[in-house]
*Asks:* 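Please read through the structure below; I'll follow up with questions.
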Protein chains: 2
Amino acid sequence: MTTTAPDTVQELVEAWGAMGALWGINRSVARVHALLMATEGPLSLDEIAERLRISKGNASMSLRELRTFGVVRQVEAPGDRRDFYVTEPDVWTMFFRILRERKRREFDPALEAIHRLLARPGAQGEVRGRLQQMGDLLATVEGVVNRFLKDPASTRAALALVAGLPFDRRKKRT
Amino acid sequence: MTTTAPDTVQELVEAWGAMGALWGINRSVARVHALLMATEGPLSLDEIAERLRISKGNASMSLRELRTFGVVRQVEAPGDRRDFYVTEPDVWTMFFRILRERKRREFDPALEAIHRLLARPGAQGEVRGRLQQMGDLLATVEGVVNRFLKDPASTRAALALVAGLPFDRRKKRT
DNA sequence: TCGTGCGTTCAGAATATTCTGAACGTATCT
DNA sequence: AGATACGTTCAGAATATTCTGAACGCACGA
């Protein structure tokens with residue numbers, strides 16, 4: 001039993017998988033990620049596929065995606081031909097990297113359209129105000145994401161403040 | 001031509017529709033929303049369906065969803081049997097209301113699983129730290145959402161600060 | 001009363017997404 | 001060389017999501 005507690009791990013895997021949708025990554029990918037998060041040592045591709053009851057092919061593709069997001073890393077075992085995988089420990093970074101990706105693909109076109117509309121001379125009151133709000137919203141999210149990627153520590157602290165969190169946990173790490 | 005600029009409006013509609021996925025609302029719903037955002041006066045169901053080339057049924061269901069989110073309102077025209085629709089002007093609120101919804105459905109189970117895992121006595125170092133981070137992340141998002149819904153103005157200002165925005169726009173409104 | 005205009009519903013069609021597994025490539029060992 | 005172990009790929013199957021449009025109900029007016 002290499003993991004904390006099999007059945008609860010299972011629950012986390014499922015919950016994380018469902019939540020993946022929230023930030024736009026698919027169920028399998030998120031489940032693989034959760035499994036690695038909840039497991040101490042590195043896992044081989046086959047073990048992952050087996051534990052999650054998904055095909056090797058699916059596992060392989062999911063791991064690739066996680067690697068391109070930079071949240072999973074391959075490690076090698078001494079005299080073993082297989083590849084093993086571990087998560088980067090930083091979930092926050094993962095979250096924001098993925099957001100940045102989606103920002104590019106989805107925010108930017110929307111922002112462009114909004115600005116184009118605002119530039120039109122004929123943009124009236126009601127509409128103008130709403131468009132501006134949309135722009136503000138997108139710009140704010142964008143700003144937070146960018147700032148986080150530049151300076152994670154301070155952004156995290158700032159967000160904790162905004163969130164009004166007790167703000168104790170975390171061992172410190174500067 | 002009741003709207004700012006038909007073709008650019010179209011672009012916004014499509015961009016907003018694509019972006020909808022980001023916060024978990026479907027393309028049609030987001031497109032209807034965008035159309036209302038970019039249009040000065042109220043629109044009838046038929047007009048919406050026609051402009052977006054979607055069926056009346058689809059339009060009806062999309063509008064219902066938008067109404068349950070509280071971002072679209074029905075208005076009546078003088079001697080007209082038809083229902084007309086307008087957006088609430090506050091996109092930010094929409095955004096956070098929707099987040100709250102998803103939070104309920106998706107965050108909460110994940111947070112539960114995490115806490116259950118952390119409660120286990122056997123939660124070791126590596127894993128424990130990662131789980132804690134996941135919990136922090138979720139708690140932070142949750143906190144921001146809750147605070148926004150309680151006190152939008154201050155939260156917006158705070159977020160603008162975090163985002164490092166120029167922070168000028170907006171007519172003021174307290 | 002019947003007819004007409006309007007909105008809603010929902011079964012099934014259309015479409016999009018995700019997943020599987022067989023086929024393949026490459027490396028390693030005998 | 002042949003055999004084995006492993007990872008990857010991708011066409012098509014399986015599944016999930018979204019959309020349509022016919023059927024219906026209701027309210028109004030004639």
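Letters A, B, ... mirror the listed sequences (proteins, then strands); counts begin at 1.
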*Asks:* Taking the side chain of A/Arg64 as heavy atoms from C-beta outward, which of C/dG21, D/dT9, D/dT20 is closest to it?
*Replies:* D/dT9
*Asks:* Phosphate oxygens OP1/OP2 of C/dT18: is one of them under 4.0 Å from a side-chain N or O of A/Arg31?
*Replies:* no
*Asks:* Heavy-atom count check: over 12 atoms from other residues, nucleotides or ligands less than 6.0 Å from B/Glu76 CD?
*Replies:* no
*Asks:* For DNA chain C, which residues of residues 70-86 of chain B approach it to below 4.0 angstrom with any heavy atom?
*Replies:*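 Nucleic-acid contacts, sorted: B/Arg81, B/Arg82, B/Asp83.
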*Asks:* How many angstroms lie between atom CZ of A/Arg100 and atom CZ of A/Phe69, to the nearest 0.5 angstrom?
*Replies:* 10.0 Å
*Asks:* In whole angstrom, what separates A/Ile48's CD1 from D/dG7's P?
*Replies:*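 Taking CD1 of A/Ile48 and P of D/dG7, I get 10 Å after rounding.
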*Asks:* Is any side-chain N or O of B/Arg27 closer than 4.0 Å to OP1 or OP2 of C/dT15?
*Replies:* no
*Asks:* When all nucleic acid strands are considered with a 4.0 Å heavy-atom cut-off, which category describes A/Ser28: base, sugar-phosphate, or nothing?
*Replies:* sugar-phosphate
*Asks:* Working to the nearest 0.5 Å, report the span between CG of A/Asp83 and OG of A/Ser44.
*Replies:*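 It comes to 9.5 Å.
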*Asks:* Does a donor on one side chain sit under 3.5 Å from an acceptor on the other, for B/Arg147 and B/Ser154?
*Replies:* yes
*Asks:* Under 3.5 Å for both distances, Watson-Crick or G-U wobble, that's the pair rule; now give the dot-bracket for DNA chain D, with | marking pairs to another strand and [ ] for crossing ones.
*Replies:* ||||||||||||||||||||||||||||||
*Asks:* Can you tell me the distance, in whole Å, between the CG atom of A/Leu52 and the P atom of C/dC19?
*Replies:*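 Value for this atom pair: 11 Å.
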*Asks:* Could you check whether the rings of B/Phe148 and B/Phe96 sit parallel, tilted or perpendicular, using 30° and 60° as the cut-offs?
*Replies:*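 Parallel: the ring planes of B/Phe148 and B/Phe96 meet at under 30°.
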*Asks:* Starting at NZ of A/Lys56 and ending at C1' of C/dT20, how long is that distance when rounded to a whole Å?
*Replies:* 12 Å
*Asks:* Which part of the nucleic acid does B/Asn26 contact within heavy-atom distance under 4.0 Å: base, sugar-phosphate only, or nothing?
*Replies:* sugar-phosphate
*Asks:* Verify salt bridge (Lys or Arg N to Asp or Glu O under 4.0 Å) between B/Arg130 and A/Asp90, making sure each step is shown before the conclusion.
*Replies:* CA-CA 7 Å; B/Arg130 294 197 293 245; A/Asp90 196 337; over 6 Å; no
*Asks:* Starting from P on C/dA13, measure out to CG on B/Asn58 and report it in whole angstrom.
*Replies:* 18 Å
*Asks:* Write down the distance between CD (A/Glu65) and P (C/dT17), rounded to a whole number of angstrom.
*Replies:* 13 Å
*Asks:* Ignoring hydrogens and angles, state whether a donor on the side chain of A/Asn58 or A/Ser62 is under 3.5 Å from an acceptor on the partner side chain.
*Replies:* yes
*Asks:* Measure from CG on B/Asp46 to P on D/dG21 and round the result to the nearest Å.
*Replies:* 14 Å
*Asks:* Please assess B/Glu14 against B/Arg31 for the test side chain to side chain contact (heavy atoms under 4.5 Å, CB included), listing each intermediate value before the final yes or no.
*Replies:* CA-CA 7 Å; B/Glu14 297 313 331; B/Arg31 297 206 320 146; 2.6 Å; yes
*Asks:* Expressed as a whole number of angstroms, how long is the span from A/Ile54:CD1 to D/dA13:P?
*Replies:* 21 Å
*Asks:* Assigning hydrophobic clusters by single linkage (Ile, Leu, Val, Met, Phe, Trp, Tyr; side-chain heavy-atom cutoff under 4.5 Å), is A/Met134 placed with B/Ile25?
*Replies:* yes
*Asks:* A/Met61 CE to C/dT17 P: how many Å, rounded?
*Replies:* 14 Å
